[in-house]
Number of protein chains: 2
Amino acid sequence: MSRINTTTADPAGSNSPTMADLARLAGTSKITVSRALADSPLVNPDTRARIQAIAREHGYKLNVNARNLRLRRSHTIAVIVEMKPSSDRSMLDPYPLNLLGGITQELTTAGYSVLLTTRHEANAAAVHAADGLILLGQGAHQDAVRRFDKLGLPMVVWGAPSNRDDHVVVGSNNRQGGALVAEHFVTIGRKHPVFVGNPSHPEILDRLNGFVDTLAEHGIKPLLMRRDEFTMAAGIDAVHSLAVREAEFDSIFACSDLLAIGAIRALEELDKSAPRDVSVVGYDDTPLSASFLPALSTVRQDWQEGGTLLARKVLALIQGQNAQSETLPVTLVLRAT
Amino acid sequence: MSRINTTTADPAGSNSPTMADLARLAGTSKITVSRALADSPLVNPDTRARIQAIAREHGYKLNVNARNLRLRRSHTIAVIVEMKPSSDRSMLDPYPLNLLGGITQELTTAGYSVLLTTRHEANAAAVHAADGLILLGQGAHQDAVRRFDKLGLPMVVWGAPSNRDDHVVVGSNNRQGGALVAEHFVTIGRKHPVFVGNPSHPEILDRLNGFVDTLAEHGIKPLLMRRDEFTMAAGIDAVHSLAVREAEFDSIFACSDLLAIGAIRALEELDKSAPRDVSVVGYDDTPLSASFLPALSTVRQDWQEGGTLLARKVLALIQGQNAQSETLPVTLVLRAT
DNA sequence: AATGCAATTGGTATCGATATCAAGATATCG
DNA sequence: CGATATCTTGATATCGATACCAATTGCATT
């Protein structure tokens, strides 16, 4: 319907002019057009303006493929996400999506495109063509990282930094997250804190370590309630267990907002309340936490900033600069609990 | 570090062989290589196998840009998402992410790449180069759709079908969602249903219409509690209002799981309980709803299928076939409430 | 006036793949 | 046996942009 504006004389039926067309219109050569559109100082300001005007007037659109072919790069970053529905946290909160926001914003303003792929489809030719790789999601742990490393492309990974591998890793400071919560509990005079979560995730382990270490500085030793799931049910169950074994506790650090909310719910069943009897802090600052009653205190990660940083690091690597792994500060959002 | 496997004699320092290289190795011409790798029947099965072996052995990688340039298409679909943090629903649940799962899976297996863009950065050259467009998120309502329509590319939109515009729209059947809930309420003998939500969203309006119309068939007229936000607080507030005006109600259809949970919470404060006194059904089947206590009944949309469908429609349009708008069935997930 | 320098512009080759048309080799037919 | 059909392969041009080197012009220098 919309491709009729091309004369039959037009060789290929494409409705968008090429640089050759513009050159003909402007009475110059292709290369001058190329330079003019690139704002090159090599071309006379007047002709530059004239050519740009002609280009605008005729709705010129750069053929990215031609340019990329000539320049031997794709101006594309492949973002590889694990999106398979699973009981794991990746589906419980949209964190890869939030990261994607920062990533796309940063990359597109830098003139790069974002090629989205799942781990399994990442063999496509387009991924090889990318100038760089960003790995997101749980898949970034062990095997996948090594697999993509073999491509020999600049690569940045989201997650917890590991000693074994030497990739550039960007992640939020989970250790600090744990430490902040610990300090908070100490400040408000809590003496018997509990940690709820699954420390087999590297990120969660960091939170636990920050929590434990900081409390140790004040001579406090927390109780560890290991729960594998990040669900509300697990939170409820954790508190029930505490009640059953008649453990003494006055504060809970839950590794997700859902866990925290489950915990609060269970407390209420025991005729205890947050924060009167037990302080509760969750993690992630999901929309839930702000609107929950009582409003949930939680640790917030800056996803937008994380995405931005991931993008900047790949771009740096692509330009031959070396990039360091980096952890982002988190903030403790104190609300009612 | 990883680019040392190239001899100094190598003309350009690229570490990946081209078809010309393979041709030299195989003692054939480039075009034969091209045909062999494309599994063309034009080339002798033996040489085909031989060339493919050589390609594999030397780690040949197709140069996508070169091919796309020659074929005058990009094998790329641009997905334009609205990702700006906002108080609107787009941040309350990760639905664009879920759609992305189905989209990328379908497109990549069809040999297409997914180019992710936000609405504001969508002017980039790469978007013009795309073979098709998929619009997701709230931005898909009015202005944005028209803007992208001007590009003259095959385009598919996620949302509620509109009479005014004639784009291909894929969405879940919100009308059916409302109807299912209505039927459920009727079946279990509820006589005084309430609708909570913001009908200024086209999707929500459809839910309301389906709800109202189906109830009307049974001579029941529901109460409409208009609430603009999709938050838990709005749900609580809605029930409070009902209590204040001493309205009679025995069932609530809330347009998001958060609203529903807020409502249940408020009911408890009034010494009522779901489902004993009031049946409650939410929407979206977020992870919340399954683990909430009592387990929340809710309407589930099949995001994966939605993404798949979006992808298939653009592909169809690209291939010159015509595609119809389509609405996906939803399912009522009955749990405790 | 002759030379040198800078500013501007263009011709040609090139990136890596594929379409077109043509040609060589082999097979099949009357 | 000559001729036509079939199979297999290749030479060349092309997609659209940019790099490299050369050429032209105008102006300043000695």
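Since we're looking at a predicted model, the values are computed, not measured. A note on names: the letters A, B, ... follow the listed sequences, proteins ahead of strands, and every chain is numbered from 1. Only this structure's heavy atoms are used, side chains among them; waters, hydrogens and symmetry mates stay out.
Remark: C1' of D/dC15 and NE2 of B/H75 are 14 Å apart, rounded to the nearest angstrom. For the pair A/N63 CG and D/dC15 C1', the computed distance is 8 Å after rounding to whole Å. Nucleotide D/dA19 holds its P atom 12 Å from the CG atom of A/N68, rounded to whole Å. Rounded to an integer number of Å, the gap from CZ of B/R73 to P of C/dA17 is 15 Å. A straight line from CG of A/L62 to C1' of D/dG16 spans 9 Å, rounded to a whole angstrom. Distance CZ (B/R24) to C1' (C/dA17): 15 Å, rounded to an integer number of Å. Rounding to whole angstrom units, CG of residue B/N65 and P of C/dT18 are separated by 13 Å.
Partner assigned to C/dG4 is D/dC27, using Watson-Crick or G-U wobble distances below 3.5 angstrom.
Projected onto DNA chain D by closest heavy-atom contact, B/P45 and A/V64 fall at different nucleotides, the more 5' of which corresponds to B/P45.
For the pair B/Y112 and B/V314, the minimum side-chain heavy-atom distance is 4.5 Å or more.
Residue B/S34 has no polar side-chain atom (N or O) positioned under 4.0 Å from OP1 or OP2 of C/dA17. Between B/Y60 and the phosphate of C/dA17, there is a side-chain N or O to OP1/OP2 separation shorter than 4.0 Å.
With salt bridges taken as basic N to acidic carboxylate O contacts below 4.0 Å, one links A/R24 and A/D21.
For the pairing with B/L107, the side-chain contact (heavy atoms from CB on, under 4.5 Å) check across B/L310, B/T308, B/V114 returns one residue only, B/V114. Of the options A/V157, A/I134, A/L133, a side-chain contact (heavy atoms from CB on, under 4.5 Å) to A/F148 is made by A/L133 and by none of the others.
The main-chain N or O of B/K30 is never found under 3.5 Å from a side-chain atom of B/S34 such that the two would form a donor-acceptor pair.
Residues B/N68 and B/S74 come closest through the heavy atom pair ND2-O, 3.1 Å.
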*How does protein reach along nucleotides 9-14 of chain C, written 5' to 3' as B (base within reach of a heavy atom under 4.0 Å), S (only sugar-phosphate), or - (no contact)?*
BB--BB
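Annotation: ring-ring contact (aromatic ring centres under 6.0 Å, His included) contacts involving residues 22-55 of chain B, sequence neighbours excluded, are absent.
In this structure, the nucleotide among D/dA17, C/dA19, C/dC15 sitting nearest to the side chain of B/L71 is C/dA19.
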